[in-house]
Every structure is written in C-alpha cells, then in structure tokens.
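See structure below.
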Amino acid sequence: QVQLVESGGGLVQPGGSLRLSCAASESIFSIKTMGWFRQAPGKEREMVALIISGGSTSYADSVKGRFTISGDVAKNTVALQMNNLKPEDTAVYYCVVDGTVAEGALEVWGQGTVVTVSA
C-alpha cells in the first residue's frame, strides 16, 4: 500500500521560509492530482494548494503569491515552498495524492507535518 512521507516542517519566524516535501513509498502509475491541505488549531482542514497532472495549479487566497506548489511525477513527489510566512500559517500540513496503482485508484494522505510561525 502506498504511503506518503512528509518532511520540512518546523519553527520559523514571521517573514521566514520553509519548504515542505512529500514522497510516495511506492510508485504511483498515474497521478491525477497532488496537493497540500492544512489544519490550524480549532479550525477545519482547508485546501492550501493543488497541482493537476499537466501542471495547472490552484491556491487558497490566503497563500497566493507566497506559496508555490510543485510536483515531480517521475519521482512521485510533491513540494510546497512557503515564503513570507505569517503566524496565521501555523498549522499541521498534510499532503495528498490522487492517482492509481496496480490495484486501482487511490487517494492517500501524508501523516502531517507541523509548521509553527512565531517570533
């Protein structure tokens, strides 16, 4: 079964940058969509950024212009470059991949990585 392993979270000061990475443990034959969601304390999980096979991207208004999502289909990885971080960005970030493996279609989520933006 495919698992997603996340890395890159941590503590950063406002205005700083972090890069989150997510890698699949096994090959995914056909990726439809990759993305990042986040859940802040006391809030519902929200979409941060999506990238669709072919390169189209979508961002939440709150991160547009500051975050950049990228994916490497060959390596089965997705990353999120986060610049000019704000305290409001503090959350647990989850990557997700929607695609297919030998057994069929799948939607798999990462375990989450904590991002804390604080002075």
Side-chain angles (χ1 to χ4, degrees):
Q1 182 176 356
V2 175
Q3 294 183 322
L4 299 182
V5 180
E6 301 181 29
S7 63
L11 174 64
V12 64
Q13 294 184 331
S17 299
L18 285 174
R19 182 177 177 84
L20 306 183
S21 297
C22 177
S25 62
E26 301 175 19
S27 177
I28 301 174
F29 295 137
S30 181
I31 296 174
K32 179 182 178 181
T33 306
M34 298 186 289
W36 292 90
F37 287 68
R38 69 185 181 187
Q39 187 166 20
K43 298 182 179 180
E44 296 183 1
R45 187 174 298 187
E46 64 175 345
M47 186 275 290
V48 177
L50 298 174
I51 183 167
I52 301 172
S53 60
S56 297
T57 59
S58 180
Y59 297 91
D61 288 341
S62 60
V63 307
K64 196 170 299 182
R66 300 187 297 119
F67 291 11
T68 303
I69 187 172
S70 60
D72 190 326
V73 174
K75 297 181 179 179
N76 284 201
T77 60
V78 60
L80 184 69
Q81 179 65 45
M82 306 185 294
N83 298 326
N84 192 23
L85 284 160
K86 303 176 180 180
E88 308 91 87
D89 296 318
T90 296
V92 179
Y93 285 71
Y94 301 87
C95 63
V96 61
V97 175
D98 180 17
T100 60
V101 292
E103 296 80 9
L106 85 163
E107 179 183 280
V108 60
W109 291 80
Q111 80 283 359
T113 185
V114 178
V115 172
T116 302
V117 184
S118 176

For V63 and R38, what are the C-alpha separation, side-chain angles and deciding distance, and is it a side-chain contact (heavy atoms from CB on, under 4.5 Å)?
CA-CA 12 Å; V63 307; R38 69 185 181 187; 3.9 Å; yes
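Connection of L18 to W36 is established within a shared hydrophobic cluster, with ILVMFWY side chains joined at heavy-atom distances below 4.5 Å, either directly or through further cluster members. Follow the hydrophobic side-chain contacts under 4.5 Å out from F37 and you never reach V115; the two are in separate clusters. Residues L50 and V78 are members of separate hydrophobic clusters, defined by side-chain heavy-atom contacts under 4.5 angstrom among Ile, Leu, Val, Met, Phe, Trp and Tyr. Cluster membership for Y94 and V96, using ILVMFWY side-chain heavy atoms within less than 4.5 angstrom, is shared. Both V108 and V101 belong to a common hydrophobic cluster when Ile, Leu, Val, Met, Phe, Trp and Tyr are linked at side-chain heavy-atom distances under 4.5 angstrom.
Counting heavy atoms from C-beta on, the side chains of M82 and V48 never come closer than 4.5 Å. Here the side chains of E6 and L20 are not in contact, with every heavy-atom distance at 4.5 Å or above. For the pair M34/C95, no side-chain contact is recorded, criterion being any heavy-atom separation below 4.5 Å from C-beta on.
With values rounded to the nearest 0.5 angstrom, I51 atom CD1 is found 9.5 Å from T33 atom OG1. Note that CG of L85 is 11.5 Å distant from CD of Q13, once rounded to the nearest 0.5 Å. For the atom pair T116 OG1 and L11 CG, the distance stands at 6.0 Å (nearest 0.5 Å). Residue D89 holds its CG atom at 7.0 Å from OG of S62, rounded to the nearest 0.5 Å. In this structure, S17 OG and N84 CG are separated by 7.5 Å, a value rounded to the nearest 0.5 Å.
D61 has a carboxylate O that lies under 4.0 Å from a charged side-chain N of K64, or vice versa, which qualifies the two as a salt bridge.
V92 and G112 get closest at one heavy-atom pair: CG1-CA, 3.9 Å. Between S118 and P14, the shortest heavy-atom distance links the atoms C-CD, 3.6 Å. Between R19 and A79, the shortest heavy-atom distance links the atoms NH2-CB, 3.5 Å. Between N76 and I31, the shortest heavy-atom distance links the atoms ND2-CD1, 4.2 Å. Summarising the geometry of Y59 relative to A49, their closest heavy-atom pair is CD2-CB, 3.6 Å, with the distance given to 0.1 Å. Taking all atoms of both residues into account, the shortest heavy-atom contact from L4 to C22 is CB-SG, 3.7 Å.
Relative ring orientation between F67 and Y93 is described as tilted, the plane-to-plane angle lying within the 30° to 60° band.
Residue-environment remark: CD (E26) exceeds the threshold of 12 foreign heavy atoms within 6.0 Å.
Considering I52, D98, T100 in turn, D98 is the only one that fulfils the side chain to side chain contact (heavy atoms under 4.5 Å, CB included) rule with K32.
Using a distance-only test at 3.5 Å, with no hydrogens or angles considered, a donor-acceptor pair links the side chain of T113 to the main chain of G9.
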